[in-house]
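Have a look at the structure below, then the notes.
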2 protein chains.
Amino acid sequence: MAKRGPYEKGEAKRAEILRAALEIFAAEGYRGTSLRKVAAKCNLSLPGLMHYFDSKEDMLTRVLEARDEAARIKQIERGGSFDAGEIMRDGTRTPGLVELFVSMAAAAGDPSHPAHAHFSERYPVMRERLGEYLRHRMEAGAISDSIPAERLAVLLIALADGIQLQWLTDRSIDMTQPFNDLMRLLENGSEG
Amino acid sequence: MAKRGPYEKGEAKRAEILRAALEIFAAEGYRGTSLRKVAAKCNLSLPGLMHYFDSKEDMLTRVLEARDEAARIKQIERGGSFDAGEIMRDGTRTPGLVELFVSMAAAAGDPSHPAHAHFSERYPVMRERLGEYLRHRMEAGAISDSIPAERLAVLLIALADGIQLQWLTDRSIDMTQPFNDLMRLLENGSEG
DNA sequence: GTCTATACGACGATAGAC
DNA sequence: GTCTATCGTCGTATAGAC
């Protein structure tokens, strides 16, 4: 039986909207995508859609959150490892979604932007998680600790975001190469 | 004496528009900036402004090109070095302009976007220039050549773009730290 | 070539009825 | 919870003055 309670239908519709929005952005990109298109895909009028979200940017923030959550689950299913190849493949299957992420991250610099809270929480959390993983790998002697784990986490996250930007204009670029290069450098490092 | 020729005034106005647009984006960010505001700042009607550009995105592309050109001149004046600290400081004085760059880079993934040509030329040129610089430093023994110069250039450019994205939501982060960390790794490398 | 006036369609957002 | 109707603003297009 489905979940009970007064918000049952609303929550289902909410999820349907987010799924539809994700599909449209994946197919048509960030530009040229309107709320009316998303509404039509859900058999809803524009105000009908706006009943579920405060604004367009609020909706997009939820799309990003849902995507982050899905990525997190996938990563746990993989055993909690931070394999660059798999993470890049999962996160960048379509240019439209990469464009969405990058554009939102840029706009979220403004503290009044709905996604500001999302990103100012996301980055520290990711740094923490990745940093902890790296610390374990350092203690196990798998990689050099010549760069402190927290700082290496900042570096790797920047690398991941930045290589996506280059990939958007040149799809032939190998997004895993910089990670491999850097990791080999850390494996050849002084201490074991 | 000012430059002669039939397009003298037009070119001056063009430059004035680009300067005004840059100011407005720096002050008010990418969102909330309209062509009508830029036109008003130049004492122009909206179609008067559009006389100089094909579209909004065409104008923004020119803003980016002018900024790239200015950065290039500054770098030559500095003696052609690629000091990460100075480049980061010059390129990121205001969040609004970083936001403009990132948003345009994201949108330019679409080959039909006016800025597509700009970015698909800019990245290879930057890789080439930075790669050549790195090659010289490797041959001079200043840094390790364990990562080929061309690949190290891709990595460093990704690092520069990516760290800006983190900086947008957390202005307190040190944008030069990752470069220092990476460079120390390359200096401690095996061969001299 | 430079520029203004006017108008168009689409957008995100809101008010209020059912 | 969902609708119709409407608002103000956006980027864009055209006609035409100087």
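All chains are named by letter (A, B, ...) in the order of the sequence lines, taking the proteins before the strands, and each is independently numbered beginning at 1.
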Using whole Å, what does the distance between atom [atom2] of nucleotide [N] and atom [atom1] of [X] come to?
X     : N      : atom1 : atom2 : answer
A:E16 : D:dG1  : CD    : P     : 15 Å
B:L60 : D:dC10 : CG    : P     : 14 Å
B:L44 : C:dA5  : CG    : C1'   : 14 Å
A:M59 : C:dC11 : CE    : P     : 13 Å
A:E28 : C:dC11 : CD    : P     : 11 Å
B:K37 : D:dT9  : NZ    : P     : 11 Å

side-chain hydrogen bond (donor to acceptor under 3.5 Å, both in side chains) partners of [X], counting only residues at least two apart:
X      : value
B:R151 : A:D181
A:R78  : A:E86, A:D90
B:E128 : none

Whether the side chain of [X] engages the backbone of [Y] through a donor-acceptor N/O pair (distance < 3.5 Å, no angle test) should be reported.
X      : Y      : answer
A:H116 : A:A108 : yes
B:E187 : B:S144 : no
A:K37  : A:A21  : no
B:R127 : B:E150 : no

#### Entry: Within residues 101-111 of chain A or reaching into it, pairs that qualify as side chain to side chain donor-acceptor pair (under 3.5 Å) - sequence neighbours excluded
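Applying side chain to side chain donor-acceptor pair (under 3.5 Å) to every pair that reaches into residues 101-111 of chain A, excluding sequence neighbours, yields A:D110-A:S112, A:D110-B:R31.
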### Task
For C:dC3, take OP1 and OP2 only and decide whether either is under 4.0 Å from a side-chain N or O of B:Y52.
yes
### Task
State whether A:H51 places a side-chain N or O below 4.0 Å from either non-bridging phosphate oxygen (OP1 or OP2) of D:dG1.
yes
### Task
From the options D:dC10, D:dC3, C:dT4, select the nucleotide whose nearest atom is closest to the side chain of B:S45.
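Between D:dC10, D:dC3, C:dT4, the one nearest the side chain of B:S45 would be C:dT4.
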### Summary
5' to 3', nucleotides 12-18 of chain D under a 4.0 Å protein heavy-atom cut-off (B base, S sugar-phosphate only, - none) gives BB-----
### Divergence of helical axes at both termini of the helix from C:dG1-D:dC18 to C:dC18-D:dG1 - five pairs an end, 10° steps
10°
### Task
Kindly state whether the ring of B:F119 and the ring of B:F101 have centres lying under 6.0 angstrom apart.
yes
